[in-house]
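Keep in mind it's a predicted model, so treat the numbers as computed, not measured. We count ligands from 1, going down the list as the structure has it; atoms in each ligand are counted the same way.
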Amino acid sequence: MYETWEELENSIRDCKKCKLCQNRNNIVFGEGNKEADIMFIGEGPGADEDSQGLPFVGKAGQLMNKAFQGLGIDRSKVYIANIVKCRPPLNRVPEDDEVDSCLDYLRNQVMLVKPKIIVLLGSTALKNILGKEYGITASRGNWITQKDILYMPTWHPAALLRDEDKKIEFWKDLKQVVEKYNEITG
Ligand code: URA
Ligand code: SF4
């Protein structure tokens, strides 16, 4: 684990630890407030993220931004990252060997940000952070506390694109996050 952002960012440059390096255009490291109280973790870059090098800038990201605006979440005040930093081909779910290779970067990001709350966006984030025994349908909307961090699993924003009910649940879950944040930070 690196003690500084500079060392961590240098360590990922030109990373070839897994096969996802083969087709990527950009590593999507993450972005936002490096001292955020709230961190969001997605799955992996899509096409737009791969071409821009930034997380959640495509359709799903725009939907997430809308929810942020509606709930008064300032995107520049949170930190946003993904389980894998390079785009899986055809946006498939990252495979276990890819996650195993990449997860230390995210662990290091969490160590440096020291968030109070982590929002897990979708099944891939949930299962790889908290354990394979968790399912997103049963877990979403419910706080899980581990090692002084409060986790809120919710739907992946891409799942909202086709499902109005999930959109409502996503808003409810993020509303809980805002309320908890206000409670913690007074
Ligand atoms: N989906 C993700 O999981 N992450 C992104 O950054 C964009 C889409
Ligand atoms: Fe390295 Fe992660 Fe990209 Fe794999 S996905 S090449 S481990 S940065």
Side-chain angles (χ1 to χ4, degrees), residues 1-2 5-34 36 38-68 73 75-76 78-113 115 118-130 134 136 139-140 151-163 166-167 170 173-174 177:
M1 292 285 167
Y2 297 98
W5 285 98
E6 198 187 355
E7 287 171 294
L8 177 59
E9 284 168 20
N10 283 335
S11 78
I12 197 170
R13 200 159 290 156
D14 303 317
C15 179
K16 293 184 178 69
K17 285 205 286 176
C18 85
K19 59 189 179 298
L20 294 180
C21 73
Q22 291 163 15
N23 297 303
R24 72 163 179 245
N25 291 299
N26 285 294
I27 294 175
V28 180
F29 179 66
E31 73 163 351
N33 175 6
K34 289 172 171 157
I38 308 175
M39 185 161 171
F40 288 79
I41 300 178
E43 176 174 295
D48 294 303
E49 290 77 19
D50 175 64
S51 69
Q52 295 184 45
L54 294 168
F56 286 102
V57 291
K59 270 218 179 79
Q62 284 160 24
L63 201 48
M64 194 166 80
N65 289 345
K66 259 194 200 160
F68 282 4
I73 299 170
R75 183 166 160 149
S76 70
V78 303
Y79 192 84
I80 305 174
N82 283 303
I83 294 288
V84 293
K85 313 302 195 200
C86 303
R87 184 193 181 198
L90 304 169
N91 301 337
R92 65 160 169 72
V93 174
E95 291 167 1
D96 284 344
D97 61 312
E98 297 157 357
V99 174
D100 289 345
S101 303
C102 208
L103 210 51
D104 271 347
Y105 296 122
L106 181 63
R107 290 196 185 100
N108 208 332
Q109 286 171 303
V110 173
M111 188 199 95
L112 291 171
V113 173
I118 294 182
V119 181
L120 300 169
L121 299 165
S123 170
T124 300
L126 173 64
K127 286 180 182 291
N128 288 298
I129 299 293
L130 292 183
Y134 289 94
I136 192 67
S139 300
R140 65 139 282 277
Y151 292 89
M152 174 54 70
T154 188
W155 300 120
H156 189 286
L160 315 178
L161 293 166
R162 307 156 252 115
D163 191 330
K166 286 185 177 155
K167 216 183 258 181
F170 182 76
D173 299 347
L174 290 198
V177 169

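Taking backbone and side chain together, Cys86 holds no N, O or S atom under 2.8 Å from atom 4 (Fe) of ligand 2.
Ligand-side atoms of ligand 1 in range of His156: 1 (N), 2 (C), 3 (O), range being under 4.0 angstrom from any heavy atom. The contact set between ligand 1 and Gly42, taken as ligand atoms under 4.0 Å from a residue heavy atom, comprises 3 (O). Every atom of ligand 2 with a heavy atom of Cys15 under 4.0 Å away is listed here by number and element: 1 (Fe), 6 (S), 7 (S), 8 (S). Residue Gly44 approaches ligand 1 through these ligand atoms, each under 4.0 Å from one of its heavy atoms: 1 (N), 2 (C), 3 (O), 4 (N), 5 (C), 7 (C), 8 (C). Residue Pro55 has at least one heavy-atom neighbour below 4.0 Å for each of these atoms of ligand 1: 6 (O). Shown in contact with Cys102 at under 4.0 Å from a heavy atom are these atoms of ligand 2, numbered in order with element: 2 (Fe), 5 (S), 7 (S), 8 (S).
In this structure, a donor-acceptor pair under 3.5 Å is absent between the side chains of Asp50 and Asn26. No side-chain donor from either of Asn23 and Arg87 sits under 3.5 Å from a side-chain acceptor of the other.
Remark: ligand 1 and Phe56 share an N or O pair separated by less than 3.5 Å (distance only, no angle test). Between Gly46 and ligand 1, not a single N/O pair is under 3.5 Å apart. Considering backbone and side-chain N/O atoms, Glu43 comes within less than 3.5 Å of an N/O atom of ligand 1.
For Arg24, every heavy-atom contact with ligand 2 shorter than 4.0 Å involves the side chain, none the backbone.
Under the 6.0 Å cut-off for aromatic ring centres, Trp5 and Tyr79 qualify, their centroids lying closer than that.
In this structure, Lys166 places its NZ atom where more than 12 heavy-atom neighbours from other residues, nucleotides or ligands lie under 6.0 Å away.
Between Glu9 and Lys34 a salt bridge is recorded (basic side-chain N to carboxylate O distance below 4.0 Å).
With contacts defined as side-chain heavy-atom distances shorter than 4.5 Å, the pair Cys86/Val28 does not qualify.
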